[in-house]
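These numbers come from the heavy atoms of this one structure, side chains and all, not from hydrogens, waters or symmetry mates.
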Amino acid sequence: MITKEIIRKNEQITTYIKKADEALTALGYTEHSFAHVTKTANFAENLLLDLGYSRRQAELAWIAGYMHDIGNVINRIDHAQSGAVMAFRILDKLGADAEELSTVISAIGNHDESTAFPVNEVAAALILADKTDVRRSRVRNTDFASFDIHDRVNYAVEEARAYVTGEKTALVLELTIDTEISPVMDYFEIFLDRMMLCRKAAERLGLKFRLNINGQSLL
């Protein structure tokens, strides 16, 4: 059985995560290194556990979350599909069960909003974990004057919290945004497709998706 520890300690996976983030740094993207993939993996795993899914299914969500961005080492375009093929090769060589392997690569191949769909519960958890990781610390550009809209939107986020409501009927993303850095409309320009995808993913898990910005419910 392929476990989190096996994945975390795998030198090949570690190298691909590093190199993928180096490529995105060169392209001017926000942080996609170990901070992002670990946060994504942990959120996806804990979300399924919180909703009563099995520990193994939750662990598969962790594995998918940790590996989901390795395709960026090839190219940002179609990185979800590239990453799924790379994950297949790695996990197959490690002796992964075909049923579980199929679940993981389906999730990875369906996490990017341009082609994504929550085809299974692991994919839904991965989508929600990935798309709700919005935070100032992901911005690597130190020159505020040269910020593009992606930099501004992420840097404007002073606080972010994603959680399942106590009655387990909704997943809520709460953001506190400095509107002098980035107006709320900029956030929607960048993230509307992602939020619509989050709504579909939440529905796959029997939840509503709610977006709250500066105390106002927007979705």
Side-chain angles (χ1 to χ4, degrees), residues 1-8 17 31-32 34-69 80 83-84 87 91 96-97 99-113 116-138 154 157-176 191 193-213 215-219:
M1 182 180 292
I2 308 301
T3 65
K4 293 192 295 183
E5 287 308 306
I6 290 173
I7 298 301
R8 189 185 282 116
I17 293 171
E31 180 267 324
H32 283 71
F34 293 99
H36 171 61
V37 301
T38 301
K39 188 175 189 297
T40 299
N42 289 337
F43 186 94
E45 178 183 41
N46 291 329
L47 175 59
L48 292 190
L49 288 175
D50 194 27
L51 295 176
Y53 290 90
S54 71
R55 289 196 172 275
R56 184 55 183 165
Q57 199 161 10
E59 186 166 35
L60 294 179
W62 189 97
I63 292 169
Y66 195 74
M67 300 180 70
H68 78 282
D69 269 339
L91 297 174
D97 171 78
E99 184 79 21
E100 293 186 345
L101 177 51
S102 298
T103 298
V104 170
I105 62 173
S106 292
I108 293 172
N110 279 279
H111 84 269
D112 186 62
E113 57 266 25
F117 192 82
V119 294
N120 54 47
E121 288 75 16
V122 170
L126 171 56
I127 288 167
L128 290 166
D130 183 38
K131 305 313 173 191
T132 57
D133 185 17
V134 185
R135 49 190 164 84
R136 177 171 291 184
S137 58
R138 293 191 71 185
N154 280 278
V157 177
E158 298 176 332
E159 292 183 48
R161 186 165 76 103
Y163 61 92
V164 175
T165 56
E167 64 276 17
K168 292 182 172 50
T169 58
L171 187 140
V172 182
L173 175 60
E174 287 186 354
L175 301 174
T176 301
F191 288 103
D193 287 346
R194 299 182 189 184
M195 296 303 100
M196 294 301 99
L197 179 58
C198 283
R199 175 179 286 178
K200 293 178 183 177
E203 289 172 353
R204 177 73 193 218
L205 299 175
L207 302 169
K208 300 290 186 181
F209 178 75
R210 297 178 187 163
L211 175 63
N212 186 306
I213 299 180
Q216 299 296 315
S217 181
L218 302 177
L219 282 178

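With a 6.0 Å radius and a threshold of 12 heavy atoms from other residues, nucleotides or ligands, E5 has its CD atom above the threshold.
When all heavy atoms of N212 and S217 are compared, the pair lying nearest together is ND2-N, 4.2 Å. When all heavy atoms are compared, the tightest approach of I127 to A201 is CG2-CB, 3.9 Å. Shortest non-hydrogen contact noted between A124 and L205 is CB-CG, 3.9 Å. A107 and L126 get closest at one heavy-atom pair: O-CD2, 3.5 Å. Summarising the geometry of I108 relative to A87, their closest heavy-atom pair is CD1-CB, 3.7 Å, with the distance given to 0.1 Å. For F117 against A123, the heavy-atom pair with the smallest separation is O-CB, 4.4 Å.
In this structure a side-chain-to-backbone donor-acceptor pair under 3.5 Å is present from K131 to H111.
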| task | Begin from the C-alpha positions of V134 and N154 and carry the test side chain to side chain contact (heavy atoms under 4.5 Å, CB included) through to its verdict. | result | CA-CA 6 Å; V134 185; N154 280 278; 3.7 Å; yes
| Stepwise side chain to side chain contact (heavy atoms under 4.5 Å, CB included) test for L207 and L51 | CA-CA 10 Å; L207 302 169; L51 295 176; 3.9 Å; yes
| Chi angles and distances behind the side chain to side chain contact (heavy atoms under 4.5 Å, CB included) call for L91, I7 | CA-CA 9 Å; L91 297 174; I7 298 301; 3.6 Å; yes
| task | Kindly determine whether L173 and L128 satisfy side chain to side chain contact (heavy atoms under 4.5 Å, CB included), including the steps that lead there. | result | CA-CA 10 Å; L173 175 60; L128 290 166; over 6 Å; no
Side-chain donor-acceptor contacts of residues 161-172 below 3.5 Å, not counting sequence neighbours, with atom names and distances?
| unit_1 | atom_1 | unit_2 | atom_2 | d |
| --- | --- | --- | --- | --- |
| Y163 | OH | E174 | OE2 | 2.8 |
| T165 | OG1 | T169 | N | 3.3 |
| T165 | OG1 | A170 | N | 3.2 |
| T165 | OG1 | A170 | O | 3.4 |
| E167 | OE2 | T169 | OG1 | 3.3 |
| K168 | NZ | D50 | OD1 | 3.4 |

Could you tabulate the donor-acceptor pairs under 3.5 Å formed by side-chain atoms of residues 53-67, not counting sequence neighbours?
| unit_1 | atom_1 | unit_2 | atom_2 | d |
| --- | --- | --- | --- | --- |
| S54 | OG | Q57 | N | 3.0 |
| R56 | NE | E100 | OE1 | 3.3 |
| R56 | NE | E100 | OE2 | 2.9 |
| R56 | NH1 | I2 | O | 2.9 |
| R56 | NH1 | E59 | OE1 | 2.7 |
| R56 | NH2 | I2 | O | 2.9 |
| R56 | NH2 | E100 | OE1 | 2.6 |
| E59 | OE2 | K4 | N | 3.0 |
| W62 | NE1 | N42 | OD1 | 3.0 |

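Here H36 contributes atom NE2 and K39 contributes atom NZ; the two are 9.0 Å apart, rounded to the nearest 0.5 Å. For the atom pair N110 CG and N120 CG, the distance stands at 8.0 Å (nearest 0.5 Å). Atom SG of C198 and atom CG of D193 lie 11.0 Å apart (nearest 0.5 Å). Taking CD of E121 as the start and CG of L48 as the end, the distance is 8.0 Å to the nearest 0.5 Å. The CD atom of E203 sits 11.5 Å away from the CZ atom of F209 when rounded to the nearest 0.5 Å.
Among T132, L218, V157, the single residue meeting the side chain to side chain contact (heavy atoms under 4.5 Å, CB included) criterion with L175 is V157. The side chain to side chain contact (heavy atoms under 4.5 Å, CB included) test with D130 is passed by exactly one of R194, H68, H32: H68. Among E159, E31, E158, the single residue meeting the salt bridge (charged side-chain N to carboxylate O under 4.0 Å, His left out) criterion with R135 is E31.
The closest side-chain heavy-atom distance from D69 to T40 is not below 4.5 Å.
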